[in-house]
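Below, chain A is the first sequence line, B the second, and so on; all start at residue 1.
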Amino acid sequence: MAFKLTEGYLESIMEGAELATPVLQILAIKKIVSGNANKDRYRLIVSDGRHSVSHAMLASQNNEQVLQAGEHTIVKVTRYITSLFNNSSGKEQRILLLLDVDIVASGSQVGSTLGNPTPLTEAKKNEPASSNNYTKGNSSSNTFVGMSGHSSNSSLLPHNCNNSVSLENQMIHPICSLSPYQNKWVIKARVSNKSAIRTWSNSKGEGKLFSMDLIDESGEIRCTGFKEMVDKYYDYLQVDKIYFISKCQIKAANKKFCTLKNDYEMTMTNETTIQECQGEDNGIPSTRYNFTTIDKIGNMEVDSLVDVCAICKEASELQAFQAKSSGRELKKKEVVLVDQSNCSIILTLWGTDAENFDGTNNPVVVIKGARIREFGGGKNLSFSVGGLLKINPDIPESFRIRGWYDQEGCSGNIVDISAKSSSFNATFMSFKQVKDHGLGNAEKGDYYQNVGTILLMSSNNLTYKACPTESCNKKIIDLENGMYRCEKCNREFPNFKYRLLTRMNVADWSGNTWISMFNSEGETVMGMTAQEVGEQIESNSEAAADIVEKVNFKQFLFKCRAKMETYNDEARLKTIAVEVKPINYKDFNNQIINKIKQIMG
DNA sequence: CCCCCCCC
């Protein structure tokens with residue numbers, strides 16, 4: 001198969017021309033920067049068959065497909081940028097950044113270098129950009145300006161900026177090219193999000209800070225200003241405006257607190273210069289989202305951050321309450337979100353976000369950086385600092401989901417990701433606590449869990465003969481003619497099934513209690529099926545004693561329902577184990593550690 | 001240099 005490259009394109013591109021979809025071959029791939037997470041940065045040698053360019057870089061979202069395709073791969077470049085920067089010897093160097101590529105043929109399909117490409121000479125690469133001064137793939141924007149001839153009006157500079165040189169005259173670097181290894185740069189970026197000013201006070205000191213999200217056509221990065229930087233820049237920086245920014249300190253990003261797609265984040269320093277870009281803002285996008293559909297959240301890690309675009313199906317009233325742990329007065333609103341995955345999830349808004357949220361008319365809710373939480377086995381989302389919340393924003397995804405909801409989503413069957421998987425995540429309590437707290441007065445009983453030791457199990461009536469109908473567990477009457485009658489089903493059967501109904505005395509350090517349990521819980525405790533238990537006892541009257549003895553001193557996690565019942569005019573607490581599980585010592589130890597921490601204050 | 005962000 002013959003592959004065709006867009007011969008001669010590279011020369012023009014590296015001189016600043018805009019050419020639609022160059023088709024290039026990747027001759028070499030070299031890792032240049034290793035990120036803290038999963039995004040490494042790669043330098044490429046690319047060829048158009050006539051020339052090769054060694055100063056090419058791959059935008060990290062393309063890493064996976066290009067690495068997989070390997071050297072000799074042919075790509076169609078759907079979006080690119082060139083940018084000037086100073087190389088190590090202080091010379092200007094133009095680099096080619098591949099923002100979006102489609103694989104035309106993988107390296108193994110191509111197998112060799114096409115044509116006989118010669119390296120573009122230094123002289124060629126260092127020629128000034130063509131007349132319009134900008135270099136861009138597929139639109140007329142000038143996000144990354146080469147050397148610009150025009151001078152800026154210094155009166156436009158804000159008085160509180162410390163620089164004397166206008167950044168506007170300098171070359172602009174794409175955000176995705178920033179790294180700790182290169183500190184001479186200027187970016188031109190839009191502020192897509194700005195936090196409130198926050199103060200802190202801990203053992204290391206105290207202070208105040210704010211952070212903002214910066215975005216350009218190549219990528220995004222978070223920037224934080226501490227202390228005096230707050231005074232200097234907080235009011236000056238406005239969301240949605242565009243700034244020239246230089247000389248921040250670049251360091252590895254902590255992914256735990258930021259969904260921005262960048263391995264780095266930056267911090268303002270005394271050297272930092274920020275100037276508003278008064279002119280053209282074309283081509284610089286506003287917030288960039290990385291949306292996850294709700295169905296996926298069910299399998300995602302608790303505490304991680306996601307971006308969602310969903311419809312508010314319903315919203316609760318504003319609820320105010322006091323946090324048990326901190327005593328703080330909290331306000332929240334629970335919003336049920338749905339999306340095209342036909343799943344719903346609860347989003348909790350706090351404080352003013354909760355107060356301000358209006359759920360009428362099913363608005364589109366777009367969130368960047370919602371925190372995944374878990375409650376009772378279900379997942380939910382919590383929105384708070386560092387995130388961005390928009391209602392009915394003007395983005396394509398918003399219109400798309402609006403259409404989906406109005407046409408079909410509003411009447412569809414929805415799976416609730418926030419649904420609690422089991423009846424509890426009930427509190428761990430000792431039997432003494434159960435007694436002291438007077439559990440059992442709630443109408444449906446009170447739930448708790450306990451890790452306990454079986455002291456004694458009654459060997460009488462371990463099993464009963466039950467109706468063989470699958471959905472019916474009613475005790476049957478032995479008609480003693482080979483038939484069994486179920487009153488509930490009003491039928492006679494030639495067979496029955498064994499069911500367990502056991503009572504055992506369970507102890508922990510604080511006391512003991514009698515717990516009843518039904519079939520499956522009893523099977524777990526005995527390690528036998530009800531059928532096996534029934535048959536063994538049937539064939540050997542001594543079997544029951546053996547079975548009971550083997551259970552003694554076994555330990556389990558008991559999930560219990562306690563309810564006060566009146567029996568012969570006497571109130572007593574009836575406890576049923578609704579779930580019995582082997583002890584997960586890791587979880588159990590965490591419970592104990594948390595308790596110790598509580599006790600220690 | 002923050003990074004707590006809440007509740008059942």
Q: What is the distance, to the nearest angstrom, from the CG atom on A:Leu347 to the P atom on B:dC6?
A: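 My rounded result for the distance is 12 Å.
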Q: Looking only at N and O atoms, is any donor in the side chain of A:Lys332 or the base of B:dC7 less than 3.5 Å from an acceptor on the other one?
A: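 Yes, a donor-acceptor pair under 3.5 Å.
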Q: If you look at every strand shown and take non-hydrogen atoms under 4.0 Å, does A:Arg198 touch a base, only sugar-phosphate, or nothing?
A: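 Base, at least one base atom sits under 4.0 Å.
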Q: How many Å lie between CG on A:Leu260 and C1' on B:dC3, as a whole number?
A: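 Distance, rounded to whole Å: 14 Å.
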Q: Find the distance A:Asp213:CG to B:dC3:C1' and express it as a whole number of Å.
A: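 My rounded result for the distance is 14 Å.
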Q: Determine whether A:Ile175 and A:Trp185 satisfy the following criterion, side-chain contact (heavy atoms from CB on, under 4.5 Å), listing intermediate values before the conclusion.
A: CA-CA 10 Å; A:Ile175 284 176; A:Trp185 49 262; over 6 Å; no
Q: Would you classify A:Lys333 as touching base, sugar-phosphate or nothing, given that sugar-phosphate means primed atoms plus P, OP1 and OP2, and contacts are heavy atoms under 4.0 Å?
A: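 No contact.
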Q: List the atom of A:Val364, the atom of A:Ile311, and the distance in Å for their closest heavy-atom pair.
A: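 Minimum heavy-atom separation between A:Val364 and A:Ile311: CG2-CD1, 3.8 Å.
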Q: Expressed as a whole number of angstroms, how long is the span from A:Lys256:NZ to B:dC3:C1'?
A: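 Computing the A:Lys256:NZ to B:dC3:C1' distance gives 7 Å.
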Q: Would you mind telling me which of B:dC7, B:dC4, B:dC2 lies closest to the side-chain atoms of A:Val385?
A: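 Nearest listed nucleotide: B:dC4.
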Q: Starting at CE of A:Met212 and ending at P of B:dC3, how long is that distance when rounded to a whole Å?
A: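 After rounding, the gap between these two atoms is 19 Å.
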Q: A:Asn202 side chain: which of B:dC7, B:dC6, B:dC2 is closest?
A: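 Side chain of A:Asn202 sits closest to B:dC2.
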Q: Return the value, rounded to whole Å, for the distance between atom CG of A:Asn254 and atom C1' of B:dC1.
A: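 Result: 14 Å.
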Q: For A:Trp200 and A:Glu334, find the nucleotide of DNA chain B closest to each by heavy atoms; which residue's nucleotide sits nearer the 5' end?
A: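 It is A:Trp200 whose nearest nucleotide is closer to the 5' end.
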Q: Between A:Asp213 and A:Lys194, does at least one N-O distance fall below 4.0 Å, as a salt bridge requires?
A: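 Salt bridge flag = no for A:Lys194 with A:Asp213.
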Q: Could you tell me how far apart A:Leu209 (CG) and B:dC2 (P) are, to the nearest whole angstrom?
A: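 In whole Å, B:dC2 P and A:Leu209 CG are 8 Å from each other.
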Q: Hey, does the side-chain of A:Glu265 have a donor or acceptor N/O within less than 3.5 Å of a partner on the base of B:dC3?
A: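 Such a pair is found, so the answer is yes.
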Q: Under 4.0 Å, heavy atoms only, any strand: does A:Arg222 hit a base, just the sugar-phosphate, or nothing?
A: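 Since no nucleic acid heavy atom lies under 4.0 Å of A:Arg222, the category is nothing.
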Q: Please determine whether any donor N or O and acceptor N or O are separated by less than 3.5 Å between the side chain of A:Lys227 and the base of B:dC1.
A: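 Such a pair exists between side chain and base.
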Q: Just say parallel, tilted or perpendicular for the rings of A:Phe556 and A:Phe558, cut-offs at 30° and 60°.
A: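 A:Phe556 vs A:Phe558 ring planes: perpendicular.
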Q: Separation of A:Lys251 atom NZ from B:dC1 atom C1', in whole Å?
A: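 These atoms are roughly 8 Å apart.
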Q: On the nucleotide B:dC7, are OP1 or OP2 found under 4.0 Å from the side-chain N or O atoms that A:Arg328 carries?
A: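 No, no such contact exists.
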Q: Are the ring of A:Phe375 and the base ring of B:dC8 both nearer than 5.5 Å at their centres and tilted by less than 30°?
A: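 So A:Phe375 counts as stacking on the base.
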Q: Apply ring pair (Phe, Tyr, Trp, His ring centres under 6.0 Å) to the pair A:Tyr243 and A:Tyr236, showing each step before the final yes or no.
A: CA-CA 10 Å; A:Tyr243 300 84; A:Tyr236 178 60; 5.7 Å; yes
Q: By nearest atom, which of the nucleotides B:dC2, B:dC6, B:dC7 is closest to the A:Ser382 side chain?
A: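 Of all the options, the side chain of A:Ser382 is nearest to B:dC6.
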